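Just so we're clear, the structure is a prediction, and the values are computed from it rather than from any experiment. Atom set for the values below is all heavy atoms of this structure, side chains included, hydrogens, waters and symmetry mates excluded.
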Amino acid sequence: MKVMSVFGTRPEAIKMCPLILELQKHSEIESVVCLTGQHREMLHQVMKIFKIEAQYDLNIMQPKQTLTTIAVRILEKFEEVLKMEKPDIVLVHGDTSTSFLAALAAFYQQISVGHVEAGLRTYDKYSPFPEEMNRSLIGKIADLHFAPTQNNKNNLEKENIINNVYVTGNTVIDTFQTTVKEGYQYKDSDLQKIDFSDKRCILMTAHRRENLGQPLVNICRAVKRMVEEYSDIEVVYPVHMNPAVRDTAAEILGNMDRVHLIHPLDVEDMHNLMSKSYFVMTDSGGLQEEAPACGVPVLVLRTETERPEAVEAGTVKVVGVEEENIYKEAKVLLTEKDSYHQMAHAVNPYGDGHSSGRIVKHILEWHKEISR
């Protein structure tokens with residue numbers, strides 16, 4: 001059978017690469033990889049680390065593009081690839097514009113779709129935007145649904161999506177087998193200078209569309225207060241390339257000795273930094289799953305999360321985007337050892353590092369069934 005994996009952003013690549021490696025182990029599967037190029041350098045960094053080459057790169061990025069122009073280019077370019085390759089199934093991941101549009105293009109060609117990381121919901125179509133709606137729409141199109149948790153499967157059942165839904169864990173946990181290493185040497189020169197044995201390192205990321213403006217100002221001000229109050233902490237903030245993010249971060253945190261505003265990191269540096277961090281502050285979805293795999297607490301810089309099982313498990317706490325509350329919750333982790341250990345030692349709800357194997361098993365069984 002021919003399986004085509006499609007992705008276009010760095011977070012998708014991090015979660016799809018272990019699955020592609022698993023597909024490649026099976027002689028009965030022809031694995032084809034197509035990139036849309038929604039991200040560029042960061043995407044290729046991940047591919048290089050996993051030693052995976054793409055057969056197609058749609059290279060859709062253009063200056064001043066909008067969601068509409070991205071949609072048109074992906075639909076047009078991916079249609080050509082589908083007509084040439086005629087895969088048995090197209091695998092898409094999560095909630096990006098790439099994933100929704102690739103699924104839609106496959107549907108137009110009457111090609112089956114498998115949705116990796118299915119069933120996450122906030123039930124607010126504008127938060128996260130446009131990801132929540134992307135994910136929901138993929139759920140309507142997909143033929144196979146690979147849900148990381150039982151909670152995700154339950155969400156699909158509420159929407160009457162009940163056929164070919166499998167609880168597999170999250171493939172991001174599989175990734176750590178490739179990326180996190182004992183005695184790892186950082187490639188980033190700023191990280192090489194940090195003494196992790198002497199300071200408590202806090203990893204921070206904040207760049208989501210809905211946090212631009214005042215919410216990001218609030219986040220940065222809370223971090224500034226923390227650094228001024230606690231002399232034993234260092235904050236590492238890999239800053240997104242978006243000027244709206246970079247300008248705010250530089251204005252509020254730019255002149256602080258123990259705040260490191262650095263370029264975005266490749267996945268190896270990021271995962272190894274995460275594993276050495278005291279806790280993580282983030283508005284990212286992926287980090288909510290990744291940090292618990294390292295036993296690192298997460299404060300979510302959003303008003304809600306589509307990953308409630310992490311909150312229920314106790315590995316993650318949603319702290320919102322108000323300065324006072326962010327500062328208060330960070331202070332709890334910095335000063336109350338019991339609260340810290342409770343989060344750090346909670347059981348990771350996202351799996352055991354064998355999700356990719358389960359997904360491939362289900363794909364093979366499905367194909368056998370439909371080929372009878």
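With no hydrogens or angles considered, a side-chain donor-acceptor pair links Asn164 and Tyr166 at under 3.5 Å. Between the side chains of Gln24 and Ser31, no donor N or O sits under 3.5 Å from an acceptor N or O.
Salt bridge present: Glu369 and Arg372 bring a charged side-chain N and a carboxylate O closer than 4.0 Å. A salt bridge does not link Glu312 with Arg307: none of the charged nitrogens is closer than 4.0 Å to a carboxylate oxygen. A salt bridge between Arg225 and Glu228 is absent, with no side-chain N of the basic residue lying under 4.0 Å from a carboxylate O of the acidic one. A salt bridge links Asp232 and Arg200; the closest N-O separation between the charged side-chain nitrogens and carboxylate oxygens is under 4.0 Å. With respect to the salt-bridge test (charged N to carboxylate O, under 4.0 angstrom), the residues Lys361 and Glu365 qualify. With respect to Glu336 and Lys331, no salt bridge is recorded, no charged nitrogen being found less than 4.0 Å from a carboxylate O. Salt bridge Arg135/Asp95: present, at least one basic N to carboxylate O contact under 4.0 Å.
Results of the side-chain contact (heavy atoms from CB on, under 4.5 Å) test with Leu58 over Val81, Val6, Thr98 single out Val81 as the only residue that passes.
Taking the six-membered ring for Trp, Phe279 and Tyr340 have ring centres at least 6.0 Å apart.
Ring geometry for Phe129 against Tyr126 counts as tilted: the plane angle lies between 30° and 60°, on a 0 to 90° scale.
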